[in-house]
Amino acid sequence: MKNPLLNILLVGDPNLGQQGNDIVRRYFTDVTALFWEKGDLENKTRIQQSIQSKHWDILISFYNDLIFSEEDLAHTSIALNIHPASPELPGVGYDTLPLILEHDYYAATLHRIEPEIDSGQIIE
């Protein structure tokens, strides 16, 4: 059953963002999806204006390289990041490192977003 009471903001990249949007829409009815390609400064400004235009119950960052400002985070009740690497590999671009280094396992981390990159409490 979908939750009609929460307004959700999903921020993702153009490559996998729509897939993340499709998954989130299975569970929530009020979803706004914004897609940002790293380096697109004009669109970054528009996205930050959208984030700061209202209060969001949940912000979900899915396969996303946008770094949220404290002002962005102030417009959310909870901000979550799906980091496509294990906690031992914080930061941008580490989704491919386990493949390059031939690690025995690959992981994703769900954690709260804090102003310092990939420093928030790990949920799973």
Side-chain angles (χ1 to χ4, degrees):
M1 176 184 244
K2 290 185 179 184
N3 187 326
L5 303 176
L6 298 173
N7 63 333
I8 310 299
L9 175 62
L10 175 107
V11 180
D13 85 336
N15 298 313
L16 295 175
Q18 188 57 51
Q19 291 169 312
N21 182 42
D22 292 344
I23 293 168
V24 171
R25 288 181 184 278
R26 289 183 202 162
Y27 302 97
F28 301 98
T29 55
D30 187 6
V31 178
T32 299
L34 303 173
F35 303 112
W36 182 69
E37 186 169 0
K38 188 174 183 176
D40 185 350
L41 299 180
E42 185 177 325
N43 193 29
K44 179 180 181 180
T45 299
R46 280 194 292 267
I47 286 176
Q48 288 181 306
Q49 289 170 344
S50 294
I51 293 169
Q52 297 172 19
S53 70
K54 65 188 262 186
H55 185 82
W56 304 94
D57 294 310
I58 303 173
L59 179 150
I60 300 170
S61 175
F62 175 74
Y63 207 79
N64 166 49
D65 290 332
L66 180 69
I67 305 302
F68 299 99
S69 70
E70 287 188 42
E71 188 172 352
D72 295 334
L73 298 175
H75 286 81
T76 67
S77 293
I78 184 169
L80 302 171
N81 183 43
I82 300 170
H83 175 69
S86 64
E88 296 83 29
L89 299 171
V92 174
Y94 289 110
D95 52 330
T96 57
L97 198 54
L99 299 170
I100 293 167
L101 298 177
E102 299 180 2
H103 286 187
D104 292 333
Y105 70 94
Y106 311 100
T109 307
L110 175 66
H111 65 88
R112 290 180 178 262
I113 298 174
E114 298 292 336
E116 186 178 332
I117 297 172
D118 293 334
S119 67
Q121 173 192 7
I122 294 173
I123 297 167
E124 182 142 349

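This chain uses plain numbering: 1 for the first residue, then up along the sequence. Only a predicted model underlies this, so the values are computations on that prediction, with no experimental measurement involved.
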Student: Filter on salt bridge (Lys or Arg N to Asp or Glu O under 4.0 Å), then keep only pairs touching residues 46-61, sequence neighbours left out; what's left?
Tutor: Glu42-Arg46

Student: Any chance you could measure Glu70, atom CD, to His75, atom NE2, to the nearest 0.5 Å?
Tutor: 13.0 Å

Student: As an exercise, state the distance from CG of Leu66 to CG of Leu34, rounded to the nearest 0.5 Å.
Tutor: 9.5 Å

Student: Identify the two heavy atoms, one from Gln18 and one from Phe35, that lie closest to each other, and give their separation to 0.1 Å.
Tutor: N-CE2, 3.5 Å

Student: Return the CD1 to CZ distance between Ile47 and Phe68, rounded to the nearest 0.5 Å.
Tutor: 8.5 Å

Student: If every non-hydrogen atom of Val11 is compared with every non-hydrogen atom of Asn64, which pair is closest and at what distance?
Tutor: O-CB, 3.5 Å

Student: When you measure from the side chain of Asp22 to the backbone of Gln19, do you find a donor-acceptor pair of N or O atoms at a distance under 3.5 Å?
Tutor: no

Student: Check for a donor-acceptor pair, side chain of Asn21 on one end and backbone N or O of Val24 on the other, with a separation under 3.5 Å.
Tutor: no

Student: Quick one: pull up OG in Ser77 and CG in Leu59 and give me the separation to the nearest 0.5 Å.
Tutor: 10.5 Å

Student: What heavy-atom pair brings Glu71 and Gln52 nearest, and what distance separates the two atoms?
Tutor: OE2-OE1, 3.0 Å

Student: Test of understanding: with side chain to side chain contact (heavy atoms under 4.5 Å, CB included), list the residues that count as partners of Ile122, not counting sequence neighbours.
Tutor: Pro87, Thr109, His111

Student: Check Val31 against Arg25 and note the closest heavy-atom contact, atom names and distance.
Tutor: O-NH2, 2.9 Å

Student: Got a second to check how far Trp56's CH2 is from Leu9's CG, nearest 0.5 Å?
Tutor: 5.0 Å

Student: Can you give me the closest heavy-atom contact between Ile67 and Gln48, atom names plus distance?
Tutor: O-NE2, 4.4 Å

Student: Are there more than 12 heavy atoms of other residues, nucleotides or ligands under 6.0 Å from atom CD of Glu37?
Tutor: no

Student: From Thr32 OG1 over to Asp30 CG, what is the distance, rounded to the nearest 0.5 angstrom?
Tutor: 6.0 Å

Student: Does Ile78 share a hydrophobic cluster with Ile8, counting links as ILVMFWY side-chain heavy atoms below 4.5 Å and allowing steps through other members?
Tutor: yes

